[in-house]
Amino acid sequence: MTVTERQQLNYIAAQAADARVNLEIETEGMTLNIGPQHPATHGTLRIVAKLDGEQVVSAEPVMGYMHRGYEKLAEVRTYPQVTTLINRIDWLGSFANEVPFILAAEQLMEVEAPPRAQWIRTILFELSRIANVTLFLGDMAVQVGAITPVFFAFRDREHVLNQIEAATGGRFHPNFDRIGGLKDDLPAGWIDETRQAMRKIRSFCDQIEELVEGNEIFQARTRGIGVIPAEVGLSYGLTGANIRASGVDWDLRRDNPCGLVYDQVDWRVWTHPDGDSFARFWVRLQETREAIKIVEQLLDGIPAGPVMAKVPVIIKVPPGEAHVETENPLGVMGYYIVSKGDLFPFRVKIRSASFSNVSITPWLLKGVYVPDIITILGSLYFILGDIDR
Amino acid sequence: MTLSAMISGIGVFSELSYWQVTSIRVAAGLVAVLLVAGTLVYVHLFKIVSFMQSRLGPMEAGPYGSLQLLAEIGKFLQKEDIVPRRADRFVFKAAPFVVLASTFLLLVVLPGGPDAWFISNDLGIYLAMAVGSVSVIGILMAGWGSASKYSLLGGLRATGQLIAYELPLLLAVVGVVIQAESMNLQQIVLVQANGEIFGWGAIGNPFIITQFVGFLIFMVAMQAELTQTPFDMPVAESELVTGYMTEYSGLRFLLFFIGEFATAGVFSAIAAVLFLGGWYVPGLEPTDNLFNVIGPLVLIGKVVLLSFLIFWIRFTFPRFREDQLQRLAWKFLVPLALANIVVTAVLKVVI
């Protein structure tokens, strides 16, 4: 395994200095348990870090404290019931969890949702991305020590959650997506209200840009910290904004929209060449802006028509296998469904983004300082439900 | 009739020896100043910060939450005082008191009016700086005595940081001392009150005008001494939980907690005395007896102003990393403070 040059030089210098000291006094490393209950891991991730002073010698993520066995539970639930479970995987953008599963089931049943349902699906998908990433933008500032931005994040996320609630009835767990369409149509006046909410989120992005991104201390804390070269990131299976921040131009929304209407709107994929913590923050900030653009354009042209295709009341999915991946707020999320023609899926494999994103931490945390652990973990942006499922 | 004349008029003071009078003054100072200043700073802080973060802040305890501090004290007093099993019990238990004692003793040199002072010491600011640095020992005691790795890291970080920023703090004061030709805080206030700017003496000469570099260094170093963001690496709550305070609960946590705000208030008061003219406001003669009454209020007003500055910065900025803040202290603030001293000394002789 290779580390970046800067980390390596730092580490060698520290080792040499320690070797000189060690001739006189006997020192030993310290094992620091970060988590499972720790303010920075926002959940129950545990990181066992072996420290040499303030420098990390090795760090190992320990996961599974929140494992809920959704893959197994899905096998004893009918297809419509499964969405209730998978809402709770990435709980900050839960509607986005339902979409790939429903798309996979639709693929097996050879049903296609009517255009109106597809548009609304895409809008809600992007709204849940905004709700998710908004919180990241505030939370990242907390990880490097600024307390205030997260209050702005919670305040302005509320506007998006209100819209999701108005449309679906659930703030965090909408359970709104159905095989062949959506549960309901949009309520009256929802489109105008959503436009207002988007304006508020846009001003929130400006605020974050001034308050956090432009701040010298924030830049000093994040630039050059936790650099992931593109090939390393790819080999660890990083997806989403984490890999786009390393300069890999790969976004499933553009490259494989499968059933969502991203090809109908004008938007772009942002990448950043640096691959450090700042780049990951920056890419997510730009993506929030793009998501606002996407939603605003989609709101203008929602086609008329039904929101539900003709599907039987009791859903039996014909035998077969389907695998659908979408670009979720945290990265690529995929469902692999094996059906034996029953009411229940025979087997569901969930590929969640955070699990792969966190797998890079032992490589990434080697040789950094303790404060940088938190910066790096914050910038990788994982949700514990998304790791442990 | 001046305040001290009033007190001696009671007839008790005249029969007491010097140390007895001094201890009574100190005790009165702790009660009269600290409670008022602490409550003011605390409530002020909570409301200001809440508005910054688009919240209402405390609303339930007292009118608009003004008695929140008492509610907090009541809450913490009910909590169990837990000592970790492997902790060094004596050190662990004594640490908060060391920190608080350092804060309280800072108070005694503060003048509140021409005759309203606790002790008038010719080494006033020197004493304040010496006493102020005692808190490092308390913090190190807390970090080491807790037998927790987070506390240890926090305590060591705090020690390194406080020692690093003690120096610019002291050196920033030296400029003021050179200009005022005195280390007595009362004298420093009088020099500012009687001073004049190029022959114009209407507002006196608050040293923030001539010593603005010193003022900036003092404020930055003060921020670091108080371990407030952007220098709050020792208590970095997102990584070290709360640093050296992690294992504390109940009353002892409260002591640290109050100590934080009280120290912010007291350091602001020292900055107000050194740079903003202390209890003096333009328009009255500095010897005016009225200052014994309004002087403390003026001082508190200036404290609120400066503590607003501290907490404004605290709730806006992210925090420095340990190596970054050490670099700022040793490579930037210390040379700047030394240059400030040189320039001040040269100008003092020339003009």
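Keep in mind that what you see is a predicted model, and the values were worked out from it rather than measured.
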Over-ring placement of B:R55 relative to A:F151, 6.0 Å and 45° cut-offs: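 B:R55 over A:F151 ring: yes.
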Taking atom [atom1] of [X] as the centre, does the number of heavy atoms from other residues, nucleotides or ligands within less than 6.0 Å exceed 12?
| X | atom1 | value |
| --- | --- | --- |
| B:R89 | CZ | no |
| A:K50 | NZ | no |
| B:W144 | CH2 | no |

I want to check something: taking the side chain as every heavy atom from C-beta on, are [X] and [Y] in contact at a cut-off of under 4.5 Å?
| X | Y | answer |
| --- | --- | --- |
| A:V370 | B:R157 | yes |
| A:L51 | B:L153 | yes |
| A:I225 | B:R321 | yes |

Please identify which of these residues, A:I147, A:T375, A:V144, meets the side chain to side chain contact (heavy atoms under 4.5 Å, CB included) condition with B:P318.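 With B:P318 as partner, side chain to side chain contact (heavy atoms under 4.5 Å, CB included) holds for just one option, A:V144.
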With a 4.5 angstrom heavy-atom cut-off, which part of A:R221 approaches chain B: side chain, backbone, both or neither?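 Both parts, backbone and side chain.
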Name the region of A:F152, side chain, backbone, both or neither, that has any atom closer than 4.5 Å to a heavy atom of chain B.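 Side chain only.
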Distance in Å, [X] [atom1] paired with [Y] [atom2], rounded so as to fall on 0.5 Å steps:
| X | Y | atom1 | atom2 | answer |
| --- | --- | --- | --- | --- |
| A:D156 | B:S54 | CG | OG | 8.0 Å |
| A:I217 | B:F231 | CD1 | CZ | 7.0 Å |
| B:F320 | A:E216 | CZ | CD | 9.0 Å |

Which one of A:D372, A:L211, A:V212 has the most heavy-atom pairs closer than 4.5 Å to chain B?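 Option with the top pair count is A:D372.
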Which bit of B:Q53 comes within less than 4.5 Å of chain A, counting heavy atoms only: side chain, backbone, both or neither?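 Looking at B:Q53, backbone and side chain both touch chain A.
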B:K149 versus A:L32, closest heavy-atom pair with distance: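 Taking B:K149 first and A:L32 second, the nearest heavy atoms are CB-CD1, 3.5 Å.
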